[in-house]
Student: 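One structure is given below, represented as structure tokens, and several questions about it will come after.
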Amino acid sequence: MIDYKVDLTNCDREPIHIPGKVQSHGFLVAFDSTDVVSYVSENVLQYLNVKAQDVLGKTVAEFEPLLQHAETPGFINHILQLGHHSKGSETINHYTIDLREKSFNMIFSKSGKHALLEFEPNTSANDVDLQKTIGRSVSEMLSGKQLNELLDNAALQIKSLIGYDRIMIYKFLDGGHGEVIAEVKEDHLEPFLGLHYPASDIPKQARELYKVNLTRIITDVNTDASPILTLGTNGEAEPLDLTHSELRAVSPIHIQYLKNMGVASSFSISLLYKDELWGLIACHNYTPRFINFKAREASKLIGQIISSALEYKQDEENVVKSLNYNVAYDSLSLILRNGGNVAYAISGHDTTLLDITDATGAAVIYEDKVTMLGKTPGKEQIEELVNWLIDHMEDRIFYTHQLPEIYQPAQAYSELASGVMVCTLSKEMGEFLIWFKPEQIATINWAGNPDKPVEVDNNGLANLSPRTSFEVWSQTVKNTSARWNREEISNVLRLREEVVYAINRQANEIRTLNEKLKQAYEELDTFSFTISHDLRTPLSTIKNYSELLLESNTSLDEDARRILKKVIGGADKLNYLIKEVLNYSRVGRTEVIYTEIPMESLIHELKNDLTVAFNTHDLQFEVDNTPAVYGDKTMVSQVFANVINNAIKYSSKSNPPKVKIDGRETNSEVIYTISDNGVGIDLNYYDRIFDLFKRMDNVRKYEGTGVGLAIVKRIIEKHNARIWVESELGVGTVFYIAFKRNM
């Protein structure tokens, strides 16, 4: 037997589907895939007059005589074979069998590769004609036109069917806690109607089981559960999954919980909505009470009928609301498609963006204007909220029903905007659509303080029970609005698409102007190329004649020779500048040919060439990680050549000069850092170093044209990559180059 220790630190993770025990009002036998008894409850001795250890390992043929029943021989084997070939157990259950002159129900279910047979009494505390009762009960339940009438009728009919002292309809709310929304009880009992119970009273794993087992009975909380024994494998006993078991034992925490409430027996029926657990029909009795399998199945049927009716009525209400939403959306969509000012289209007509949700206020922040509708915070408060959204909003839509809890300034206007839903039009431009819901101050009556789930006894020990006090405890909830439902969220997203479409349509003229600007930019590139190219010929002539005159005319005095040398030097500098301008123009016209570039070989080749060119013997050049980059190899090589060239050049006077290159990969980018300990860059130049012909004051003594970094910037932009710099004067500079990964 597996003995799982439960305490207050792990009760929410308690494996209640493998308790290792069954309730003692019946017994369990499990057969493996070869039809050999692999598990049996220890209390089998009370029912079959044979020890559990003597049952383990027996084949079905050997086990059947132990039952001493009057059925046809091979009856149990027939049931097992049916079970092996059946997808469910509904068509098999249940069978009535006499054991030692007492009538039992034999219930079949599956547990992985095992087949479970559970035997429990056929007698029941209730003695009613189920067929007549169910027909009448269903008719009475469905007579209510409203949802609350349906639930009230359901509680009444279940009580007449099973006879428990208290019948409650318990609805699960957000976060797992719940509320009693309908109740029928004996007159002497205090009412629980309207009370809330914390989520810890029915933890998550229990709620999941309620979706599988639609009924659950606890016959007597004061009886000890019977352990399940098994032969095990290699001395290790695997726990038997009792998810589908009728006799599955109950968590000791829940047993103590019921005892604290004074409940001796409980029965529950699951209510589902869209295959999710909507609530429970929770039944309490204050003395032990057992209802047999047939009565429980009848109760399950009523629960399924209620679930269907519940789903129908809820869907009916949703359809009406959804229809109103859609009419409003269609109207706004038509207005937007007719053109005109976008903000006015969704806020200035009879139908506005307010009509696609249950919000009481809305705001349109567009083109530096704030348009407000309904009940909203003030203009300045909305602008402050927008600034906060720009910093904190990551997705295109954001919503909460507790804005003051996450954005403290909203506490000043919580009565107007405890709930907010926002969708972005342009986060960069601070353009949003915002809806507001007002605060709903509510008093919740809890069955005991939900914030004090642990009671400490006189010895200072915490009880296993979540709570021992169930006296009404009131809590006032503030800073909370009604929640945003799925329909509202969907409508907001749909409207956003319409608004964005309208904005894009109106931007056609701007895009046309951009195309003309692009054409002019390309023509300017062509002009620069042509002019630069045409200048090289006369410039070469000036240089050649000057060199010829300097070499052939020996009669020139020193002043004349010095002037000619300056002319030649100036021609060289101008020629280099023209070459750089040509390179800059060429980048604008060259198409990017993407390949995967092995950066290790490229960087080491550049390192060797540049260190030789600068002839800096004491240069400390370090290369660390070199992940591959996806881009145009020629252009990427030019980028790194320019930046590394600057790093070596501007650190050449340091003692010793240091240059370091390192690359790293993120989820979306490959980022390289090229750092040096050179002269550094003034903070005021950060936004200008990539401009054409811009040079800093502190590098005038170094050769350069102010074109290299402009070329780098242009190549980076053509790759949709990023480049930025961090630097400190006299300390050094770090360039960051980030390329997108090839996804």
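What you see is a predicted model; the values in this text were computed from it and never measured.
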Student: Could you tell me whether the side chain of Thr480 reaches within less than 4.5 Å of the side chain of Glu439, counting heavy atoms only?
Tutor: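 Glu439 does not reach Thr480 side chain to side chain.
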Student: Are there more than 12 heavy atoms of other residues, nucleotides or ligands under 6.0 Å from atom OH of Tyr286?
Tutor: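 Atom OH in Tyr286 is crowded, with more than 12 foreign heavy atoms closer than 6.0 Å.
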Student: For Lys300 and Ile269, indicate whether the former's side chain and the latter's backbone hold a donor-acceptor pair under 3.5 Å.
Tutor: no
Student: Report yes if the side chains of Tyr95 and Phe75 come closer than 4.5 Å at any heavy-atom pair, otherwise no.
Tutor: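 The answer is yes; the side chains approach within 4.5 Å.
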Student: Centroid separation under 6.0 Å, is that true for the rings of Tyr39 and Phe31?
Tutor: no
Student: Please check if the side chain of Ser307 supplies one atom and the backbone of Leu272 the other of a donor-acceptor pair under 3.5 Å.
Tutor: yes
Student: Quick one: are Leu280 and Leu271 in side-chain contact, heavy atoms under 4.5 Å?
Tutor: no
Student: Could you grab the distance from atom CD1 of Ile167 to atom CG of Leu156, nearest 0.5 Å is fine?
Tutor: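 Answer for the CD1-CG pair, Ile167 versus Leu156, is 10.0 Å.
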Student: Would the distance check show the side chain of Glu118 and the main-chain N or O of Met106 forming a donor-acceptor pair, the cut-off being under 3.5 Å?
Tutor: no
Student: Within a radius of less than 6.0 Å around NZ of Lys211, do more than 12 heavy atoms belonging to other residues, nucleotides or ligands occur?
Tutor: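 Correct, the count exceeds 12.
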Student: Ignoring hydrogens and angles, tell me if any N or O in the side chain of Glu120 forms a donor-acceptor pair with the backbone of Gly26 under 3.5 Å.
Tutor: no
Student: Hey, is the main chain of Ser322 close enough, under 3.5 Å, to the side chain of Asn326 for a donor-acceptor pair?
Tutor: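 Pair found, side chain donor or acceptor close to backbone of Ser322.
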Student: Testing Asn292, Asn122, Thr123, Thr96 for side-chain hydrogen bond (donor to acceptor under 3.5 Å, both in side chains) with Ser103, which one passes?
Tutor: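 That would be Asn122.
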Student: Go through the steps to decide whether Lys51 and Asp54 satisfy the test side-chain contact (heavy atoms from CB on, under 4.5 Å), and finish with yes or no.
Tutor: CA-CA 5 Å; Lys51 291 182 179 180; Asp54 296 334; 3.7 Å; yes
Student: Quick one: CG on Leu310 to CG on Leu151, what's the gap to the nearest 0.5 Å?
Tutor: 6.5 Å
Student: How long is the gap from CD on Glu179 to CG on Leu195, to the nearest 0.5 Å?
Tutor: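 Separation between the atoms: 8.5 Å.
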Student: Is it true that Glu190 and Arg166 have a side-chain N and a carboxylate O under 4.0 angstrom from each other?
Tutor: no
Student: Look at Lys159 together with Glu186 and state whether they make a salt bridge at an N to O cut-off of under 4.0 Å.
Tutor: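 Yes, this pair counts.
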Student: When you measure from the side chain of Thr215 to the backbone of Arg296, do you find a donor-acceptor pair of N or O atoms at a distance under 3.5 Å?
Tutor: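 Not confirmed, Thr215 side chain does not pair with Arg296 backbone.
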Student: Any donor and acceptor pair, going by atom type alone, linking the side chain of Asn485 with main-chain N or O of Glu487 inside 3.5 Å?
Tutor: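 Yes, Asn485 side chain to Glu487 backbone: donor-acceptor pair under 3.5 Å.
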Student: What is the ring orientation for His254 with Tyr257, classed by angle as parallel under 30°, tilted 30 to 60°, or perpendicular over 60°?
Tutor: parallel
Student: Hey, is Lys294 close enough to Glu297 for a salt bridge, meaning N to O under 4.0 Å?
Tutor: no
Student: Can you tell me how far the NE2 atom of His244 sits from the CG atom of Asn213, to the nearest 0.5 Å?
Tutor: 7.0 Å
Student: Using ring centroids (six-membered ring only for Trp), state whether His25 and Phe290 fall under 6.0 Å.
Tutor: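 They qualify: ring centres under 6.0 Å apart.
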Student: Closer than 3.5 angstrom, by distance alone: can the side chain of Ser226 be matched with the main-chain N or O of Asn43 as a donor-acceptor pair?
Tutor: yes
Student: Give a yes or no on whether His78 atom NE2 has more than 12 heavy-atom contacts from other residues, nucleotides or ligands under 6.0 Å away.
Tutor: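 Open.
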Student: State, with a plain yes or no, whether a side-chain heavy atom of Leu117 is found less than 4.5 Å away from one of Ile76.
Tutor: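 A side-chain contact exists here, since the closest heavy-atom pair is under 4.5 Å.
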Student: For the pair Arg248 (side chain) and Lys21 (backbone), establish whether a donor and an acceptor sit closer than 3.5 Å, ignoring hydrogens and angles.
Tutor: no
Student: Around Lys113, counting heavy atoms of other residues, nucleotides and ligands shown, do more than 12 lie under 6.0 Å from its NZ?
Tutor: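 Count not over threshold, so no.
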Student: Could you give the distance from CD1 (Ile218) to CG (Asn285), rounded to the nearest 0.5 Å?
Tutor: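 Separation between the atoms: 12.5 Å.
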Student: Enter the distance from Leu277:CG to Glu208:CD here, rounded to the nearest 0.5 Å.
Tutor: 8.5 Å
Student: I'd like to know if the side chain of Gln23 reaches the main chain of Val250, judged simply by a donor and an acceptor atom lying under 3.5 Å from each other, with no hydrogens or angles considered.
Tutor: no
Student: For Phe63 and Phe119, take the angle between the two ring planes, folded into 0 to 90°, and tell me which bin it lands in: parallel under 30, tilted 30 to 60, perpendicular over 60.
Tutor: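 The arrangement is tilted - the two ring planes meet at 30° to 60°.
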Student: Is the cationic atom of Arg216 (NZ for Lys, CZ for Arg) positioned less than 6.0 Å from the six-membered ring centroid of Tyr210 and within 45 degrees of its normal?
Tutor: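 That pair does not qualify as a cation-pi contact.
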Student: Classify the ring geometry between Phe267 and Tyr164 as parallel (under 30°), tilted (30 to 60°) or perpendicular (over 60°).
Tutor: tilted
Student: Any side-chain heavy atom of Asp241 sitting closer than 4.5 Å to one from Ser111?
Tutor: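 Asp241 vs Ser111: side chains touch.
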